[in-house]
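In what follows, every chain begins at residue 1, and chains take the letters A, B, ... in the order their sequences are listed.
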2 protein chains.
Amino acid sequence: MSTPSIDEVAAAAGVHRSTVSRAFSRPEAVKRETLEHVRQVAAAMGYRMSPLAQALRTKVSTLVPLVVPDITNPYFAELAKAMTAAAGERGYQLVLCVTENDADATARYLDAMQAMYAPFAVIAPYARVFPAEFESRGFGKRLVVIDRVESGDQASTVTVDSAAGIALALDHLFELGHTSIAYVSGIAGTHTAADRRQAYRTLAEKHGMTPIELDSNGIGVGAGERAAEELVSLRERPTAVIAGNDLVAFGLISALGSRGMSVPGDVSVVGFDGLAFGARSNPPLTSVQQPIAEMGRIAIRLAEQVANGGSVEHVVLQPQLLVRSSTRPVR
Amino acid sequence: MSTPSIDEVAAAAGVHRSTVSRAFSRPEAVKRETLEHVRQVAAAMGYRMSPLAQALRTKVSTLVPLVVPDITNPYFAELAKAMTAAAGERGYQLVLCVTENDADATARYLDAMQAMYAPFAVIAPYARVFPAEFESRGFGKRLVVIDRVESGDQASTVTVDSAAGIALALDHLFELGHTSIAYVSGIAGTHTAADRRQAYRTLAEKHGMTPIELDSNGIGVGAGERAAEELVSLRERPTAVIAGNDLVAFGLISALGSRGMSVPGDVSVVGFDGLAFGARSNPPLTSVQQPIAEMGRIAIRLAEQVANGGSVEHVVLQPQLLVRSSTRPVR
DNA sequence: CTGAAAGCGCTTACAG
DNA sequence: CTGAAAGCGCTTACAG
């Protein structure tokens, strides 16, 4: 009951195998009548081309690796969802590659996927990535990174404007009357994380505020926990805090709650990511929203572009402020 | 710089292609010396077999589909993480198939993966699954479902003991002095969801309690929201509620918070899943924990078992209670 | 516009 | 224990 092979279809249609092949891959190269006839016969037989055989022959498959540090992190989960959709629309199947912070895992995955003739790869890193390290993995420039990279000519990237995002958060808080606003970065070692933090510093000073960084040397998980600890012990407590990403914000709010402080009652908190889950957290999280679905689509487009010989490109998207319930006017 | 082919290795080692092949796939069939020599030469050349060519020839690939309704749901994310690890250990690569509640998507994915000679498939459904529907998809019994199924001989399954889990939650609450305990099922249409709900009813009555089901006809997302609404309007409010899964529990707590009710101050809440994220929610969630990592490993084992001609099996695991901070003694 | 042939990188009976 | 041959299901110059 398995799908017939191209030769069986050819026989049934009374044509040569190569004609069947053309009927699907280069329809303009076959006579109209023949085309229709072949397609009809093929459809009737339930024919589907073997993607494996095709990939072996052309050295290009439809398997695209998405490498993420941790699918359990809702940011990466949303990204995976967006990428799956974007990839599916273009006929690719996403292969999930979870690195679990294993430094060599990315290279191993890239090797494995290269062996499967993946047309390109998309990487959402947990640390700064140096595309040069992956050149030898065979993908060359056929790599898109969901972060900034140092040497821009080696891989395409798609990111959100960090400074604009932080400005959005800050302005929102200023409007609510906050003047003492702290920042928790969380553990991410990406350029993006560094950019957000730097933007906070720069903009805070520009507004005449002394930057207060919570858990500034944080290592590993539990950033929210440590930041809460630190916040509570401060003689002059900030009235609001911006978190470098939503997950840190959730952890912070949880840890604050355990210490008897309520959000937004005692402190306002704004996250960064704008995850859907934030709508059902306690309290619903005000956050700088990244257009994740769009990022997924763009990542695929950029990847296809260089796979087709086009050039590396860097897309920077604008974030939006998502006001929910974790912020309120300062008393 | 791409990997050499088997013929290049054979030439370099001075043997025939078939010997190289055997050196890797059936080492016991080749003379010791030859074996070592071939492997050495292959290693020196950085040879790796083409999984595609291998799959095309043997009609068995290492690509295994994991079909989930929504990777953004942390339960499925944790499952995906566990499955990725378990699959990786056994040399498979997981292909993420997200159905987004599209009723035909599962069949489409199965077709596509069948065409890639996937050795088996694992399905985490969002509704009751009837394996018979998928028989024609070519996987036959080479299917493992993360849920109960109706006709047990058609696919292997791995689940957690629903009744035991609900009993754990109930007993915990009884020990804290609660006597009025409600239940919110959430939207999942799986057998598991139905089992948990039924277990609640049965056990509640057994303990002389009148079951109180919140949002009992709930449709779509927002179960937590509707349940909170209902709870607040009740003349005699239960002092605790058990949620059919963690996500519903989070939503419930959020919605309760928006209505000025605090957990566990005003109501205790226990979830079901025991997600890692629950440790950082506000408040940290007491929950019945499913051994998700183990489920992943078992799913792969069961799948391999039937792929190797073994028999369908149904594994039921025991859950554990994870006490965090969303429950407290009734006043 | 269509067919015949070679080949992608493997595996596996079949001989020897 | 090893080699030679056929073949998995396709694509793509090359002729005609």
Side-chain angles (χ1 to χ4, degrees), chain A residues 2-39 41-42 45-63 91 111-119 138, chain B residues 2-39 41-42 45-63 91 111-119 138:
Chain A
S2 71
T3 183
S5 81
I6 197 170
D7 282 319
E8 300 179 69
V9 176
V15 298
H16 190 264
R17 186 203 305 169
S18 47
T19 301
V20 177
S21 176
R22 287 187 201 101
F24 290 98
S25 43
R26 308 206 299 115
E28 69 286 0
V30 43
K31 191 167 57 167
R32 218 193 137 82
E33 291 170 20
T34 320
L35 178 65
E36 280 172 11
H37 175 235
V38 168
R39 288 209 169 166
V41 171
M45 298 175 78
Y47 173 67
R48 4 181 74 218
M49 288 224 276
S50 163
L52 250 38
Q54 225 170 168
L56 180 60
R57 190 60 244 239
T58 62
K59 300 191 177 237
V60 181
S61 73
T62 55
L63 262 11
D111 281 346
M113 295 307 300
Q114 177 65 26
M116 294 202 187
Y117 299 125
Chain B
S2 73
T3 184
S5 81
I6 197 171
D7 282 319
E8 300 180 70
V9 174
V15 298
H16 189 264
R17 185 204 305 168
S18 47
T19 301
V20 177
S21 176
R22 287 187 201 102
F24 290 99
S25 44
R26 307 206 299 114
E28 69 285 0
V30 42
K31 191 167 56 165
R32 220 195 134 80
E33 291 170 21
T34 321
L35 178 66
E36 280 172 11
H37 175 235
V38 168
R39 288 209 169 165
V41 172
M45 299 175 77
Y47 174 66
R48 1 182 75 219
M49 289 225 273
S50 162
L52 250 38
Q54 223 169 171
L56 179 60
R57 190 60 244 240
T58 62
K59 299 190 176 237
V60 181
S61 74
T62 56
L63 263 10
D111 281 346
M113 294 308 299
Q114 178 65 27
M116 295 202 188
Y117 299 124

Study note, to complete from the structure: By nearest-nucleotide position on DNA chain D, the 5'-leaning member of B/V30 and B/K59 is B/V30
Exercise for review: Check A/M116 against B/P51 and note the closest heavy-atom contact, atom names and distance.
Suggested key: CG-CG, 3.7 Å
Revision key, fill the gap. Heavy-atom closest pair (B/A53 atom, B/S50 atom, distance to 0.1 Å) is N-OG, 3.1 Å
Point to revise | Contact boundaries on DNA chain D for chain A, cut-off under 4.0 Å to non-hydrogen atoms | key: D/dG9 to D/dA13
**Study point:** Nearest-0.5 Å distance that lies between atom CD1 in B/I6 and atom CD in B/Q54
**Key:** 8.5 Å
**Study point:** A/E33 atom CD, over 12 foreign heavy atoms within 6.0 Å
**Key:** no
Point to revise | Contact summary for A/A23 and A/R39, nearest pair of heavy atoms | key: O-NH2, 2.9 Å
Exercise for review: Could you check which residues of residues 16-28 of chain B get a heavy atom under 4.0 Å from DNA chain D? Sort them by number, please.
Suggested key: B/H16, B/R17, B/S18, B/T19, B/R22
Point to revise | Counterpart base for C/dT2, defined by Watson-Crick or G-U wobble contacts under 3.5 Å | key: D/dA15
**Study point:** Sugar-phosphate, base or nothing in reach of B/R32, heavy atoms under 4.0 Å
**Key:** nothing
Review point. Which heavy-atom pair separates A/G91 from A/T62 by the least distance, and what is that distance?
Key: O-CB, 3.5 Å
Review point. With sequence neighbours excluded, what pairs up with A/A11 under the side-chain contact (heavy atoms from CB on, under 4.5 Å) test?
Key: none
Check your understanding: So among B/V38, B/V9, B/V41, which one has a side chain to side chain contact (heavy atoms under 4.5 Å, CB included) with B/Y47?
Key -> B/V9
**Study point:** 5' priority, DNA chain C, between B/T58 and A/L35 [closest heavy atom]
**Key:** A/L35
Check your understanding: How is B/A29 classified with respect to the nucleic acid when contacts are heavy atoms under 4.0 Å: base, sugar-phosphate, or nothing?
Key -> base
